[in-house]
Amino acid sequence: MLGKRGSRPAGRTWGFWGTFLPPFLWLSGFYLVPLGVLLSYAFLRHEYVTILPEFTWDNFHQIAQGVGYRHTLLRTVGVASLVTLIDLILAFPAAYCLAFQAGRFKGLLSLLILLPLWSSYLVRVFAWRIILGTNGILNSLLVTLGVLEQPSPWFLYNLFSMTVTLCYVWLPFMVLPLVTALERLPRRLLEAAADLGAAPWQGFRQVTLPLVLPGLLAGCLSVFSLTLGDYITPTLIGGSGDILVGNLVASQFGVAANWPLGSAFAVLMLGLLFTLMVFLARRGVLENL
Amino acid sequence: MNALLALWTGLVYLFLYLPIGVIVLFSFSQGRVLALPIRGWTLDWYRQALSDDRLRSGLLTSLEVAAAATGLALVLGSLGAFALQRYTIPGRPALRTLVVLPIILPGILTGVAMLSGFAALDIPLGLTTVIAGHVTIGLPVVLNTVAARVARLPQSLEEAAADLGATPWQTFWQVVFPNLRSALTAGGLLAFTLSFDEIIVTLFLTGEDNTLPMEIWARLRFGMTPAINATVSLILGFSLALALISQRLALTQPLKD
Amino acid sequence: MSSKQRGAVGLALVIGIALFLWGLGGRPALADTCTLRILGWEGYMDRSFVQPFEQETGCKVIATYAGSSDEMYAKIRAGKGKTYDLVTASGDLTKRLYDSGLVEPLNLSRVPHVQDLFPLFDKPPYNTFAGRPYGVSIAWGPDFLIYDTTAFEQTPTSWKVLYQPELRGKVSLPDYPIFTADIALWQGTPDIYDLDDAALQGPIRDHLFPLRPQVRKFWSSQGELAQLFLNKEITAAWGWPVTLEELKRADFPVGATIPQEGTTGWSDSWMLIKGSKQADTAYRWMNYMLTGPAQKQMTEVTGYWPVSQQILPLLSAAQRRDWHLDDLQDYYSNIHFWETVPNYDEWVALWNDFRGQ
């Protein structure tokens, strides 16, 4: 039985790396090493047009001192949490309905969740401008209905419009892992709970929820992270002060060419997400993404 | 209770499709300005979109990039999924975390990290770097989907095939692959979709060739016209048709999964 | 399936990947064909004058628009000079590109039409460094106060109208740190491009920050600004002639003025990216863009003001007056043209603070 898997640790390791090496090399070369390069920039100094190769904490000092930077970091975490919460509230009942009540339409309805992703993220974001703008659809509707006397500028270019749009664009990323998690629920377990006299709410809390928790948290992590890194929605839909940390990173790399400062923001973003991941990894969340 | 649930779900779908309805509506609007009131209806924007070379070449580039990225992601992702599910070696949980990093961390980090990496190595930006970026995002997506399937696939199946004298090639194509087909399709479809609409990473890694989202981004900034709406509506129509057809085919076949 | 056999499958897949990558390498390299890649402001590579050039030379022009000087700088740096051949650099970018060693000195004998430049634009300080020419002028213009005439009974006379309570949430400003210089100008600062940290964090900050609640949206492309006016989101803005032209074409009730404090402005130059393999085509393009018809088409599309005397016979007297070609020297000397700012990181820091406060 020589060579059969599991017979000898050495053969096992050889077999593992034989298979794992290509994806590992790819991710190391194109992701992990560049991430390291990126992080190392955070501790270098930028001066006029050059990056000086000397160790410094300057970039972090700058972030700590700038009122705008601090507010932007707080705003980002706040908006990302809010968007995650709203999407969870929107998605959970819908995913439940899809998994258990859609019957033969389940496949089609799941597909319809994915389909908006085919219609250009940018244009979907832009559509909210048409809906919420001063001359937009919502305003026209409200004026026609007599709710407003004249179009209001309050729906667009502020935190409200930005939050609505972010909830909208990332919603599929919450629904899909939830549907998958709910589908995997052993029906018999739910039925057993009901047979044993558990109230629907009890059954949900004590049987359903713990089992779908990894999928649920996976959805939350996706939406949180996607919002955290978005800089296009704030640019297109946000108001004059509603920039997120993604805008700061993007502008330091894509505009100001101050890579060290941009990297320092990236380090903060990474730190936050790694902290979250440490909590979530134990719950088996990462396999459910 | 069930009615309430159905109503809520209906509202969620309404929310998802309202902006899409708006996009399609304005693709028929006569004026250039994307705001109410709509002054008249026209098919001109469709004519313009179909004869617009830049939109067409953007679409082609996007399809090429997505196809290339999906192909590579499928191969690399399934290899990774297999390795991680079928072998228990020390440090596996850490490696499991590591391979999903690109979809846990925001795209902007992938974008600027890869930009720094390419800059450090003096690699010129272009479609190749864009594809590399999209593979990096698609790989974990495929890996997760396939790994979930492999986990449910009894290992005894492969062992039985081997014991019956099947070559590894035969085992793979006749035993393993048919069982993975649905997972590969699902993972591939998701990777393709993500790549086709990717902008956050692409913006940092692109050279002079525009993918469709890059072309739309340029136009959003430098003069948006309903021709973009028309293009998006067309793509949406095609993908809807494809989705419905594939759905019909799937419904007429007995589902194994 | 044994590990050895599994390895064989893996190897087959690796060969597949290699073949695939090899196929990718088969894409025709752009440098082999005659293709000029230009990174620049909107309007400078419009089809109306690109097409005649392409027909004449058989070369293809690929235009990439950028929304700001900073974006151009970042793109050129990220591409290490391999992505573009030419850039349309404004005065706040030219010296930065030169200091970064990203541009080539020019051989002006290969651009014969430079002798027809108005004297002001012949080897001007903003594209001549260490005595050598690094750029060829394209166009220039002032930054206007643009307003919706239905919202203003009379022409505003001071930039300070932007602070008025009635304009709260009705203003658009450019998302450019260089705009800080305008604040200095309104305060009567003598050298508005030389502001130290004390000035930036003191009087400039005090006058910049109150503008935030006035702003509905910062613009980062002129098309975006035009849309903001057309969608009735704003009534006043800091903007360029190109937006004015676009709004006029759309029959929007628009006015533009230079208030009493004076204004900032820009002069743009073609600059050749170091390492470009298309220098020949680039020289032909720069020369072509100084011809009368090309200058005229360019000014018609952008509303920016011409630099070559070859345009004069093609203009009416009214047009010459509109573009101040008769009193060029006087008019030009009253505009504070964008310059490269040495402590730009501090300007950016202040700007980020302003945006994110």
Side-chain angles (χ1 to χ4, degrees), chain A residues 12-13 15-16 19-20 22-23 26-27 30-31 33-35 37-38 41 90 93-94 96-97 101 107-108 111 114-124 126-128 130-131 133 135-137 140 168 171 221 225-226 228-229 231-232 246 249-250 253 262 266 269 273 277 281 286-287 289, chain B residues 2 5-6 8-9 12-13 15-16 19-20 22-23 26 34-36 76-77 79-80 82-83 87 89 96-97 99-110 112-117 120 132 136 139 144 193 197 199-200 203-204 213 216-217 220 224 228 232 235-236 239-240 243 247 250:
Chain A
R12 210 156 59 201
T13 311
F16 174 80
T19 328
F20 194 63
W26 181 281
L27 284 176
F30 283 117
Y31 193 72
V33 174
L35 211 54
V37 174
L38 173 73
Y41 274 118
L90 286 176
Y96 196 87
C97 189
Q101 291 170 357
L108 182 66
L111 207 67
L114 197 62
L115 202 65
L117 300 182
W118 272 82
S119 67
S120 172
Y121 155 80
L122 288 169
V123 178
R124 275 178 297 136
F126 195 82
W128 284 99
I130 307 176
I131 296 171
N135 279 359
I137 290 170
S140 308
Y168 172 74
L171 185 60
L221 182 61
S225 161
L226 285 165
L228 203 65
Y231 58 93
I232 289 181
V249 176
F253 276 87
M269 219 191 252
L273 284 168
M277 273 168 61
L286 307 182
E287 284 82 358
L289 281 165
Chain B
N2 281 356
L5 210 57
W8 186 267
T9 309
V12 166
Y13 276 90
F15 180 56
L16 274 177
I20 291 175
V22 169
I23 294 166
F26 274 87
L34 290 158
L36 291 178
L76 293 168
L79 281 175
F82 245 89
Y87 297 94
I89 61 141
R96 188 73 180 78
T97 310
V99 292
V100 289
L101 272 186
I103 44 170
I104 299 179
L105 302 179
I108 186 169
L109 287 183
T110 314
V112 293
M114 289 183 78
L115 173 65
S116 327
T136 308
L139 196 162
N144 269 345
T193 309
D197 196 26
I199 177 90
I200 288 185
L203 261 173
F204 290 101
I216 294 177
W217 174 240
L220 278 187
M224 171 84 178
I228 303 284
V232 172
I235 295 170
L236 200 66
S239 42
L240 185 67
Q247 197 62 27

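We name chains A, B, ... by the order of the sequence lines, and we start the count at 1 in each one.
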*Are B:Leu105 and A:Leu35 close enough that some pair of their side-chain heavy atoms sits under 4.5 Å apart?*
yes
*Which atom of B:Ala83 lies closest to which atom of A:Thr19, heavy atoms considered*: CB-CB, 3.8 Å
*For A:Leu171, is it the side chain, the backbone, both or neither that has a heavy atom under 4.5 Å from a heavy atom of chain B?*
side chain
*Might you work through the side chain to side chain contact (heavy atoms under 4.5 Å, CB included) test for A:Phe20 and B:Ile89, ending with a clear yes or no?*
CA-CA 12 Å; A:Phe20 194 63; B:Ile89 61 141; over 6 Å; no
*Contacting moiety of A:Leu273, where chain B heavy atoms sit under 4.5 Å*: side chain
_Which atoms of A:Val123 are under 4.5 Å from chain B, going by heavy atoms: the side chain, the backbone, both sets, or neither?_
both
*Counting heavy-atom pairs under 4.5 Å to chain B, which of A:Leu114, A:Leu117, A:Val37 comes out on top?*
A:Leu117
*Which pair of heavy atoms, one from A:Tyr41 and one from B:Ser116, lies closest together, and at what distance?*
CE1-CB, 3.7 Å
*Taking all atoms of both residues into account, what is the closest heavy-atom pair of A:Pro23 and B:Leu79, and its distance?*
CD-CB, 4.1 Å
*Heavy-atom distance under 4.5 Å to chain A: side chain of B:Trp8, backbone, both or neither?*
side chain
*Among B:Val112, B:Leu109, B:Thr136, who wins on heavy-atom pairs under 4.5 Å with chain A?*
B:Val112
*Check the pair A:Phe126, B:Ile216 against side chain to side chain contact (heavy atoms under 4.5 Å, CB included), reporting the backbone distance first and the verdict last.*
CA-CA 11 Å; A:Phe126 195 82; B:Ile216 294 177; over 6 Å; no
*asked:* So, taking the atom named CD1 in B:Ile108 and the one named CG in A:Leu226, what distance separates them when rounded to the nearest 0.5 Å?
replied: 12.5 Å
_Out of B:Ile200, B:Leu236, B:Val12, return the one with the most heavy atom pairs under 4.5 angstrom to chain A._
B:Ile200
*Do A:Met277 and B:Leu101 come within less than 4.5 Å of each other through their side chains, counting heavy atoms only?*
yes
*Out of curiosity, B:Ile23 CD1 to A:Ile130 CD1, how far, rounded to the nearest 0.5 Å?*
7.5 Å
*Measure across B:Pro19 and A:Arg124 and return the closest heavy-atom pair with its distance rounded to 0.1 Å.*
CB-O, 4.3 Å
*asked:* Show the nearest heavy-atom pair for residues A:Tyr168 and B:Phe15, with the distance to one decimal.
replied: CE1-O, 3.1 Å
*Would you indicate whether the side-chain heavy atoms of A:Tyr231 and B:Leu203 approach each other to under 4.5 Å?*
yes
*Using non-hydrogen atoms and a 4.5 Å limit, figure out which bit of A:Leu122 sits close to chain B: side chain, backbone, both or neither.*
both
*asked:* If I take atom CG from residue B:Leu16 and atom CG from residue A:Leu115, how far apart are they, to the nearest 0.5 angstrom?
replied: 10.5 Å
*So which heavy atom on B:Ala113 is nearest to which on A:Pro34, and how close?*
O-CB, 3.2 Å
*With respect to chain B, which residue among A:Ala250, A:Gly246, A:Ala127, A:Cys97 yields the maximal number of heavy-atom pairs within a distance under 4.5 Å?*
A:Cys97
*Are the side chains of A:Ser120 and B:Asp197 in touch, meaning some heavy atoms are under 4.5 Å apart?*
yes
*Calculate, to the nearest 0.5 Å, the distance between atoms CG and OH belonging to B:Leu5 and A:Tyr96 respectively.*
8.0 Å
_Separation of B:Thr9 OG1 from A:Leu90 CG (nearest 0.5 Å)_ = 10.5 Å
_Between B:Ala132, B:Pro213, B:Gly77, who has the most heavy-atom pairs with chain A when the cutoff is under 4.5 Å?_
B:Ala132
